[in-house]
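Take a look at the structure set out below.
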Amino acid sequence: MVKVLFVNACVRKNSRTKLLADYLIKKLNVQVEEINLGKDKPKAFDRKMLKKRDELIEKQKFDDEMFTYARKFAASDMIIVAAPFWDLSFPALLKIFVEHINVNGIVFKYTSSGIKTLCKASKLYYVTTMGGFNVTDYAIGQIKALCRTFYGIDDVKLIQAEGLDVVGNDVEAILNKAKEEIDQLVG
């Protein structure tokens with residue numbers, strides 16, 4: 001059975017991003033383990049947490065609760081991330097999640113020849129919606145760079161719906177177009 005991790009960074013009720021992510025999950029016909037960042041509210045690292053993390057990594061005590069996200073991420077065969085496009089990027093909760101999963105010894109390791117990934121996943125779907133238009137690639141660019149460099153995931157698929165808050169745009173038509181793109185991606 002394929003192990004699929006769904007990282008849900010959609011905090012709004014009736015999120016359009018979550019609607020598309022749910023559609024993708026249904027089309028993939030997979031069971032997912034969901035990490036709901038809006039409910040979990042992972043804590044941003046402070047000096048005390050960083051010290052604890054560094055000590056645990058040094059002792060290779062990777063079974064600590066602090067590394068739960070990293071262990072789940074590394075053990076998954078496929079990742080689905082749903083994150084609305086906010087202020088030219090993704091929600092801060094997703095950045096905090098990334099800080100929690102980037103653990104040397106669980107998700108990747110440093111070697112004399114460079115970074116070696118320890119992740120099982122071969123594919124990541126990144127689902128996003130935006131009120132305006134994606135004039136930068138900050139969010140997806142950062143995700144792709146992390147996937148390629150640290151996670152060993154070369155197959156990153158972007159699913160996006162743009163212009164949802166532009167007066168006069170047909171929101172339903174835009175979302176349906178994104179669903180059609182999902183249909184084509186998944187087959």
*Out of curiosity, I35 CD1 to F6 CZ, how far, rounded to the nearest 0.5 Å?*
10.5 Å
*Please confirm whether the backbone N or O of G132 pairs with a side-chain atom of D165, one donor and one acceptor, at under 3.5 Å?*
no
*Measuring from H100:NE2 to R53:CZ, what's the distance to the nearest 0.5 Å?*
8.5 Å
*How far apart are the C-alpha atoms of Y69 and V7, what are their side-chain angles, what is the distance that settles it, and do they pass the side chain to side chain contact (heavy atoms under 4.5 Å, CB included) test?*
CA-CA 10 Å; Y69 289 150; V7 181; over 6 Å; no
*What heavy-atom pair brings E33 and L5 nearest, and what distance separates the two atoms?*
O-CD1, 3.3 Å
_Step-by-step salt bridge (charged side-chain N to carboxylate O under 4.0 Å, His left out) determination, D77 to K3_ = CA-CA 5 Å; D77 299 307; K3 193 170 185 179; over 6 Å; no
*Any chance you could measure K26, atom NZ, to L28, atom CG, to the nearest 0.5 Å?*
12.5 Å
*Are L24 and V156 co-members of a hydrophobic cluster defined by side-chain heavy atoms under 4.5 Å apart?*
no
*For the side chain of N36 and the backbone of G38, is there at least one donor-acceptor N/O pair under 3.5 Å apart?*
yes
*Check whether any side-chain heavy atom of Y110 sits under 4.5 Å from a side-chain heavy atom of I115, and report yes or no.*
yes
*asked:* Between D40 and P42 (side chain of the first, backbone of the second, donor and acceptor by atom type, cut-off under 3.5 Å), is there such a pair?
replied: no
*Between atom CG of D155 and atom CZ of R148, what is the distance when rounded to the nearest 0.5 Å?*
12.5 Å
*What is the distance from atom CD of E162 to atom CG of L164, rounded to the nearest 0.5 Å?*
9.0 Å
*Determine whether the side chains of Y151 and N102 contain a donor N or O and an acceptor N or O closer than 3.5 Å.*
yes
*Residue pair A83 / Y126: nearest heavy atoms and the distance that separates them*: CB-OH, 3.6 Å
*Where do Q31 and V4 land on the side chain to side chain contact (heavy atoms under 4.5 Å, CB included) test, with the steps shown first?*
CA-CA 7 Å; Q31 291 287 106; V4 182; over 6 Å; no
*Is it possible for you to say whether V2 and I153 belong to one hydrophobic cluster, with membership spreading through side-chain heavy-atom contacts below 4.5 Å?*
no
*So, does T117 use its side chain to make a donor-acceptor pair with the main chain of F108 at under 3.5 Å?*
no
*Under 3.5 Å: donor-acceptor pair, side chain of R71, backbone of D64*: yes
*Measure across I174 and G163 and return the closest heavy-atom pair with its distance rounded to 0.1 Å.*
CD1-O, 3.7 Å
*Using atom types as modelled and distance alone, determine if a side-chain donor or acceptor of T17 lies under 3.5 Å from a backbone N or O of C10.*
no
_Starting from F97, can I reach F67 by hopping between I/L/V/M/F/W/Y residues whose side chains sit under 4.5 Å apart?_
yes
*Can you tell me how far CD1 of I96 sits from CD1 of I101, rounded to the nearest 0.5 angstrom?*
13.0 Å
_Side-chain (S15) to main-chain (K18) donor-acceptor, under 3.5 angstrom_ = yes
*Which pair of heavy atoms, one from A9 and one from P84, lies closest together, and at what distance?*
O-CD, 3.6 Å
_Surrounding OH of Y138 (heavy atoms of other residues, nucleotides or ligands, distance under 6.0 Å), is the total greater than 12?_
no
*Treating Ile, Leu, Val, Met, Phe, Trp and Tyr as nodes and any side-chain heavy-atom pair under 4.5 angstrom as an edge, say whether F90 and I80 lie in one connected cluster.*
no
*Do Y23 and L124 belong together in a cluster built from hydrophobic side chains that touch within less than 4.5 Å?*
no
*Could you pull out the closest heavy-atom pair between M130 and T128, with the gap in Å?*
CE-CG2, 4.0 Å
*With side chain to side chain contact (heavy atoms under 4.5 Å, CB included) as the test, would you mind laying out the steps for L118 and K109 before giving the verdict?*
CA-CA 7 Å; L118 301 175; K109 70 178 180 178; 4.3 Å; yes
*Can you see which heavy atom on A121 is nearest to which on I79, and at what distance?*
CB-CG1, 4.0 Å
*Considering residues, nucleotides and ligands other than D46, do more than 12 of their heavy atoms fall under 6.0 Å from its CG?*
yes
*Any side-chain heavy-atom pair of F85 and Q160 under 4.5 Å*: no
*Sub-4.5 Å side-chain heavy-atom contact between I143 and V81*: no
